[in-house]
Amino acid sequence: MNRRNKDNPSGTAAAGAKTPGAKSGPPGAPASNFIRDIIIRDLETGKFGGRVHTRFPPEPNGYLHIGHAKSICLNFGLADEFGGKCNLRFDDTNPTKEEQEYVDSIIEDVRWLGFDWEDRLFFASDYFDQLYEWAVQLIKAGKAYVCDLTADQIREYRGTLSSAGKESPYRNRSVEENLELFERMKAGEFPDGSRTLRAKIDMAHPNVNMRDPVMYRILHERHHRTGDKWCIYPTYDWAHGQSDSIEGITHSICTLEFADHRPLYDWFLDALGVYHPQQIEFGRLNLTYTVLSKRKLLTLVEKGYVRGWDDPRMPTISGMRRRGYTPEAIRNFCERIGVARTDGVVELSLLEYFVREDLNKRAPRRMGVLRPLRLVIENYPEDQVEELEAINNPEDPSAGTRKVPFSKVLYIERDDFRVEPPPKYYRLAPGREVRLRYAYFVTCTGYTVDEETGEVTEVRCTYDPATRGGNAPDGRKVKSTMHWVSAAHAIDAEVRLYDRLFTRENPNDESEGKDFTAYVNPNSLEVLAGCKLEPSLREAQPGERYQFERLGYFCVDPDSAPDRPVFNRTVTLRDTWARIEKAMKERKA
Ligand code: ATP
Ligand code: MG
């Protein structure tokens, strides 16, 4: 049976049109989004002299996840579309949480997704000298001061959304005193946390971000790039907008939580009198049945809920790569979910839909048996082996064909035989005839049962030599086609099956007083040893992706050893578009 129609009954066009946040349109047409519209308008008015320059600014404190992919596709995609540029910039202002390992993984992941920053790989730490000079400039202008309040006191003085803050007693230090103290902060004379440099704005401002925010804190910590040069580090708020300005960014695209910081970024740039990018906020991506916060993902890794950042169950780019997702599938998904001004939740099954759609086109078909059951063909000659021709990919005639050995003893899927078949079960059962894919029609003549366990240990059948290739010359039909592997030729493999990482659609919901780890799915990984695969898979290399007929898409894991491949199931073949649509409707209801 060919599954491709079931797999994609309505085609890409319908999928795109019904994706939340996406404009309906012809298949493959980019969904429009409000950021694109802003850029088009800016190009028309010549706002940035016709330039489009974006950046993707990760903090190297974890691995990238699918939410970052949305931001990457957006920033690099818009630059590509309008003949502009996109930088990769690490916002590495917090040495306590940042590591070279994360920098390396982020570089690898952005590249793997298919994007190119050319020679524009930058680090906020490259700008530490400039930021220091600018801080001195603000002190001289009476717009920044050294404050001796502790972190707790600063919080206390800040006030709340409904009440004004209180001015720091250190707020009115002279410029000279501030310059001297700031210099000594830099020279390492004071312990961590004893002093900060703060912008002097307005402690009664309705936006709490404007209530004298901290620009520098003292941290005697080694930085992964600047080493021990600095013991004061700029806050993200102080570094981010200026980094964009230094790089000449036109459209500084970020997620919604920074909307309230925009007035502060504007204030800094105006106070310095430097080039001013335009910040635009968009809604974060959330996916059902997973978490997309680096802090939470780190917890999963550190507490051993998963095997690492690249565990195939993780929503990280590296996890998805290991699982077998393609960059094209992730990019198509990101394009289709579009960009909105509000945070959105997207079905995990929608991402899987795009993975299936892409793998359907590119994955070679193979036969493999996950839970083997011996099938003996009683009338097949003992020592005969036939090389039968099998199609590599019905979606891609250029993929050609291969030979698969067939012999007297085969393995079939345990699930493909029933002693007493229930209604609508059309696979093998006593007396019943089925087709073995690319081979022959076989009719079940008997079976053996283990007396102790009651388990079927072997099935017997006869074959009809006239049906070679899988068609009966007399035109008779069978209701089922099954995959198989020749026992003498099969290679053993380990196969890892995955389920959702969480049992709840929204594991972030703490309304029952539990944190997200309470909802980790204890059955998210099932390891099958002793799977039997057709011999052409002997040489399969890590990263290669296949469709095992009737079972799903699989990807060779780096844990593979010579002659003993390990496969991850990327995604099953099922989950029709209709089901995904139903799930999306139920969410809305
Ligand atoms: P987290 O909260 O998981 O640590 P973050 O936003 O702090 O994520 P950054 O490294 O600062 O992580 O993110 C880099 C870029 O990716 C930012 O521009 C951020 O807005 C964007 N981004 C992060 N998470 C998402 C998401 N879920 N959806 C869309 N964009 C995101
Ligand atoms: Mg961030």
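Residue indices begin at 1 and follow the sequence shown.
- Distance check: Q278 CD to I249 CD1 gives 13.0 Å after rounding to the nearest 0.5 Å.
- Looking at D244 and R55, a side-chain N of the basic residue comes within less than 4.0 Å of a carboxylate O on the acidic one, giving a salt bridge.
- Looking at F115 and C86, their side chains never come closer than 4.5 Å, going by heavy atoms from C-beta outward.
- A salt bridge between R362 and D358 is present, with a side-chain N of the basic residue lying under 4.0 Å from a carboxylate O of the acidic one.
- Ring planes of Y132 and W230: tilted class, angle from 30 to 60°.
- With rounding to the nearest 0.5 Å, the separation of CG in N521 from OH in Y305 is 13.0 Å.
- With respect to D126 and R225, a salt bridge is recorded, a charged nitrogen being found less than 4.0 Å from a carboxylate O.
- Remark: K229 engages D129 in a salt bridge, criterion side-chain N to carboxylate O under 4.0 Å.
- Remark: the R323 side chain and the T570 side chain contain no N/O donor-acceptor pair separated by less than 3.5 Å.
- A donor-acceptor pair under 3.5 Å is absent between the side-chain atoms of K70 and the main chain of V339, judged by distance alone.
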Determine whether H65 and T290 satisfy the following criterion, side-chain contact (heavy atoms from CB on, under 4.5 Å), listing intermediate values before the conclusion. CA-CA 11 Å; H65 53 61; T290 194; over 6 Å; no

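- Nearest heavy atoms, R331 versus G114: NH1-CA, 3.9 Å.
- The shortest side-chain heavy-atom distance between W112 and I330 falls under the 4.5 Å cut-off.
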Mind running side-chain contact (heavy atoms from CB on, under 4.5 Å) on V556 and V566 for me, showing each step along the way? CA-CA 6 Å; V556 185; V566 176; over 6 Å; no

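- Listed here is the closest heavy atom pair of A79 and V52: CA-CG1, 4.4 Å.
- Inter-residue side-chain proximity for F34 and I280 is flagged as met; some heavy-atom pair is nearer than 4.5 Å.
- By the 4.0 Å N-to-carboxylate-O rule, R504 lies too far from D509 to be salt-bridged with it.
- Without hydrogens or angle criteria, T288 side chain to L348 main chain gives a donor-acceptor distance under 3.5 Å.
- The shortest side-chain heavy-atom distance between F333 and V355 does not fall under the 4.5 Å cut-off.
- In this structure, S245 contributes its side chain and G241 its backbone to no donor-acceptor pair below 3.5 Å.
- To the nearest 0.5 Å, atom CD of residue Q279 and atom NE2 of residue H261 are 9.0 Å apart.
- We find that R184 and E180 are joined by a salt bridge, their nearest charged nitrogen and carboxylate oxygen being less than 4.0 Å apart.
- Relative ring orientation between H68 and F56 is described as perpendicular, the plane-to-plane angle rising above 60° on a 0-90° scale split at 30° and 60°.
- Salt-bridge formation is detected for the pair D148/R173: a Lys NZ or Arg NE/NH1/NH2 atom is positioned less than 4.0 Å from an Asp or Glu carboxylate oxygen.
- Between Y236 and F258, the ring planes are tilted. Angles from 30° to 60° get that label.
- In summary, the side chains of N332 and E328 do not present any donor paired with an acceptor at a separation below 3.5 Å, with no hydrogens or angles considered.
- Without hydrogens or angle criteria, E98 side chain to N94 main chain gives a donor-acceptor distance under 3.5 Å.
- Judged by distance alone, the side chain of T160 and the main-chain N or O of S162 form a donor-acceptor pair under 3.5 Å.
- One N or O on the side chain of R211 and one on the backbone of H205 form a donor-acceptor pair closer than 3.5 Å.
- Rounding to the nearest 0.5 Å places CG of D92 at 14.5 Å from OH of Y102.
- Looking at N286, its side chain never comes within 3.5 Å of a backbone N or O of D343 through a donor-acceptor pair.
- Residues M314 and L300 have side chains in contact (heavy-atom distance under 4.5 Å, counting atoms from C-beta outward).
- Using modelled atom types and a 3.5 Å distance limit, the side chains of Y63 and E101 yield a donor-acceptor pair.
- With salt bridges taken as basic N to acidic carboxylate O contacts below 4.0 Å, one links R322 and D557.
- No hydrogens or angles considered: a donor-acceptor pair under 3.5 Å links the side chains of N87 and H53.
- Within a 6.0 Å radius of NZ in K97, no more than 12 heavy atoms belonging to other residues, nucleotides or ligands are found.
- Under the 3.5 Å distance criterion, with hydrogens and angles disregarded, no donor-acceptor pair is assigned to the side chains of N178 and K140.
- In this structure, the separation between CZ on F82 and OG1 on T54 is 11.0 Å, given to the nearest 0.5 Å.
- A 4.5 Å side-chain heavy-atom check between L78 and I39 finds at least one atom pair inside the cut-off.
- No donor-acceptor distance shorter than 3.5 angstrom exists from the side chain of Q130 to the backbone of Y127, with no hydrogens or angles considered.
- Taking the side chain as every heavy atom from C-beta outward, L149 and P169 approach each other to under 4.5 Å.
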Would H251 and F48 count as a ring pair (Phe, Tyr, Trp, His ring centres under 6.0 Å) if you check the C-alpha gap in whole Å, the side-chain angles of each, and the deciding distance to 0.1 Å? CA-CA 9 Å; H251 300 86; F48 294 103; 5.1 Å; yes

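- No salt bridge links K85 with E118; every basic N to acidic carboxylate O contact stays at or beyond 4.0 Å.
- In this structure, a donor-acceptor pair under 3.5 Å is absent between the side chains of T150 and D152.
- Taking 4.0 Å as the cut-off between side-chain N and carboxylate O, R262 and E281 count as a salt-bridged pair.
- For R496 and D559, the salt-bridge test passes: some basic side-chain N is under 4.0 Å from an acidic carboxylate O.
- Rounding to the nearest 0.5 Å gives a distance of 10.0 Å between NE2 of H220 and CD1 of I232.
- Annotation: F502 is not in aromatic contact with Y519 [ring centroid separation under 6.0 Å not met].
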Using the rule given for side-chain contact (heavy atoms from CB on, under 4.5 Å), can you reason through F282 versus I35, listing the C-alpha separation, both sets of side-chain angles and the distance that settles it, and then say yes or no? CA-CA 8 Å; F282 72 97; I35 300 181; 4.0 Å; yes

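- A ring pair (Phe, Tyr, Trp, His ring centres under 6.0 Å) with Y216 is found for one member of W134, F128, Y145, F182 and no other, namely F182.
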Carefully, step by step, assess R321 and E108 under the rule salt bridge (charged side-chain N to carboxylate O under 4.0 Å, His left out). CA-CA 11 Å; R321 175 168 59 236; E108 183 184 1; 3.5 Å; yes

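- Of the charged side-chain nitrogens involved, at least one lies within less than 4.0 Å of a carboxylate oxygen, so that R89 and E247 count as a salt-bridged pair.
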Can you list the steps and then say if R284 with E257 is a salt bridge (charged side-chain N to carboxylate O under 4.0 Å, His left out)? CA-CA 9 Å; R284 287 177 91 83; E257 69 271 24; 2.6 Å; yes

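- Using a cut-off of 4.0 Å between Lys/Arg side-chain N and Asp/Glu carboxylate O, D192 and R217 are scored as not salt-bridged.
- Looking only at side-chain heavy atoms (C-beta outward), L287 and V345 stay at 4.5 Å or farther from each other.
- No cation-pi contact links R569 to Y553, judged by a cut-off of 6.0 Å to the six-membered ring centre and 45° from its axis.
- Of the possible polar contacts, none joining the S163 side chain to the G159 backbone as a donor-acceptor pair under 3.5 Å is found.
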Going through the checks in order, is the side-chain contact (heavy atoms from CB on, under 4.5 Å) test met by Y498 and N568? CA-CA 8 Å; Y498 301 99; N568 296 309; 2.6 Å; yes

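- Put simply, the side chain of T196 never gets that close to the backbone of R198: no donor and acceptor are under 3.5 Å apart.
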